[in-house]
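Quick notes on the structure that follows.
Numbers for residues simply follow the sequence, beginning at 1. Remember, predicted model here, so these are calculated numbers, not experimental data.
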Amino acid sequence: RRVHGDFLQILFSSITSIFSDKMSVEFEQHLAQLKSSIKSRDLQNAQKLLSQLKVQLIQFGLVPPFVGDLDVVKRQLTLAREAIEQGVVLSIALQDISSFERHISQIKAYYNDFEGLIGGSGDKWMILGLNLVGLLAQNRIAEFHTELELIPLTTQSEAFISFPIKLEQYLMEGSYNKVLAASKNPPHPAYAFFMHLLAQTVREKIADCAEKAYDVFPLTEAAKLLMFEKQDQLSEFISQRGWNVQNGALQFSSAQAEDVHASIPALKLISQSLEYA
């Protein structure tokens, strides 16, 4: 009876291993299709594929304590981590901040809990750096510092991590021109979405300062200050702000002007920004 029981256990383990391995192969195929869809910007198909992968993740049953073939478990954990990372990238492509935050929350479990078992991910610092930039873009400075404290000091020199650290320093210094310059050269294409949001916020802050510091401001200097490369971009911004243009200069209304005391810090900021522009 004991021999018979051992045989059945071995047989069951073998069948389970074969079934799990087959699921891993199918998952890997769908994952490759997901990457291809994201790369080709077929985002609707990418969303469908990601949903299918999440259903397959449930079938993996990757909940500690792990049972069965440890090599199979490691492979499935690695594939699962990569799928969630692609979910982060897809969220950025869709410009869906809520989805991005959900996937960031999910991927942290793989980075924090399973790295000792399956090793590090080549995209880890890119994704965590992207999260930091996202927090800055949403002006969530306290959360930015909380997340940064979780990253080892030895890793903060990594390009993906040092980039948001410098951005935060520029923002605290009021060196908005440096933020705008950095927005044109992010360390990874995925950063472009949040950098665009951050650049919009920074331009609004510069515009607020300009309104307080000046009654009249030359258009040529405004283009430099706001770091617009194209005239139509500046024209659209002027329209959104409700500014008037006369004789090649911006005319700020009296309602936009502040008293002299309020304008002094803004004037210093504008002058400093122009020096760097």
Minimum heavy-atom distance between [X] and [Y], given as atom pair plus value:
X: Leu234; Y: Leu219; value: CD2-O, 4.1 Å
X: Ala182; Y: Leu167; value: CB-CD2, 3.8 Å
X: Lys205; Y: Tyr176; value: CD-OH, 3.5 Å
X: Phe27; Y: Ala83; value: CZ-CB, 3.7 Å
X: Ala222; Y: Leu250; value: CB-CD1, 3.8 Å
X: Tyr111; Y: Ile127; value: OH-CD1, 3.6 Å

Indicate the ring-plane relationship of Phe237 and Phe228, choosing parallel, tilted or perpendicular according to the 30° and 60° boundaries.
tilted

How are the rings of Tyr110 and Phe114 set relative to one another: parallel (under 30°), tilted (30 to 60°) or perpendicular (over 60°)?
perpendicular

Any side-chain heavy-atom pair of [X] and [Y] under 4.5 Å:
X: Ile38; Y: Gln86; result: yes
X: Pro164; Y: Glu168; result: no
X: Val202; Y: Ile206; result: yes
X: Glu82; Y: Leu31; result: yes
X: Ile92; Y: Tyr191; result: no
X: Ile97; Y: Phe194; result: yes
X: Arg81; Y: Ser121; result: yes
X: Met227; Y: Lys184; result: yes

Give a yes or no on whether [X] and [Y] share a hydrophobic cluster (residues Ile, Leu, Val, Met, Phe, Trp, Tyr; joining criterion: side-chain heavy atoms under 4.5 Å apart).
X: Leu77; Y: Val55; answer: no
X: Met172; Y: Leu148; answer: yes
X: Leu153; Y: Leu150; answer: no

For the CG atom on Asn247, are there more than 12 heavy atoms of other groups (residues, nucleotides or ligands in this structure) within a distance under 6.0 Å?
no

For His145, I'd like to know if atom NE2 has over 12 heavy atoms of other residues, nucleotides or ligands within 6.0 Å.
yes

Could you walk me through whether Thr220 and Lys224 pass the side chain to side chain contact (heavy atoms under 4.5 Å, CB included) test, one step at a time?
CA-CA 7 Å; Thr220 54; Lys224 291 180 183 178; 5.6 Å; no

Is the shortest distance from a Lys or Arg side-chain nitrogen in [X] or [Y] to a carboxylate oxygen in the other one below 4.0 Å?
X: Lys108; Y: Glu147; result: yes
X: Glu115; Y: Lys124; result: yes
X: Asp208; Y: Arg203; result: no

Rounded distance (nearest 0.5 Å) linking atom [atom1] of [X] with atom [atom2] of [Y]:
X: Leu130; Y: Met195; atom1: CG; atom2: CE; value: 11.0 Å
X: Ile165; Y: Leu136; atom1: CD1; atom2: CG; value: 10.0 Å
X: Leu90; Y: Leu50; atom1: CG; atom2: CG; value: 6.0 Å
X: Leu34; Y: Asn45; atom1: CG; atom2: CG; value: 9.0 Å
X: Trp243; Y: Phe252; atom1: CH2; atom2: CZ; value: 4.5 Å
X: Leu57; Y: Leu79; atom1: CG; atom2: CG; value: 9.0 Å

Which residues share a side-chain hydrogen bond (donor to acceptor under 3.5 Å, both in side chains) with Arg140, sequence neighbours left out
Glu101, Gln138, Glu143

Derivation of the side chain to side chain contact (heavy atoms under 4.5 Å, CB included) call for Arg75 and Glu28:
CA-CA 10 Å; Arg75 181 184 180 189; Glu28 199 164 5; 2.8 Å; yes

Side-chain ([X]) to main-chain ([Y]) donor-acceptor, under 3.5 angstrom:
X: Ser239; Y: Ser235; answer: no
X: Thr201; Y: Leu197; answer: yes
X: Ser37; Y: Gln33; answer: yes
X: Ser36; Y: Ala32; answer: no

Let's go through His103 and Glu85 carefully: what are the C-alpha distance in whole Å and the side-chain angles of both, what is the deciding distance for side-chain hydrogen bond (donor to acceptor under 3.5 Å, both in side chains) to 0.1 Å, and is it a yes or a no?
CA-CA 7 Å; His103 285 98; Glu85 288 175 335; over 6 Å; no

Walk me through whether Leu198 and Leu171 qualify under side chain to side chain contact (heavy atoms under 4.5 Å, CB included).
CA-CA 10 Å; Leu198 185 58; Leu171 289 170; 4.2 Å; yes

Under a 3.5 Å cutoff, is there a donor and acceptor pairing between the side chains of Asp96 and Ser91?
no

Please walk me through it: do Tyr170 and Asn177 pass side chain to side chain contact (heavy atoms under 4.5 Å, CB included)?
CA-CA 9 Å; Tyr170 297 155; Asn177 59 296; over 6 Å; no

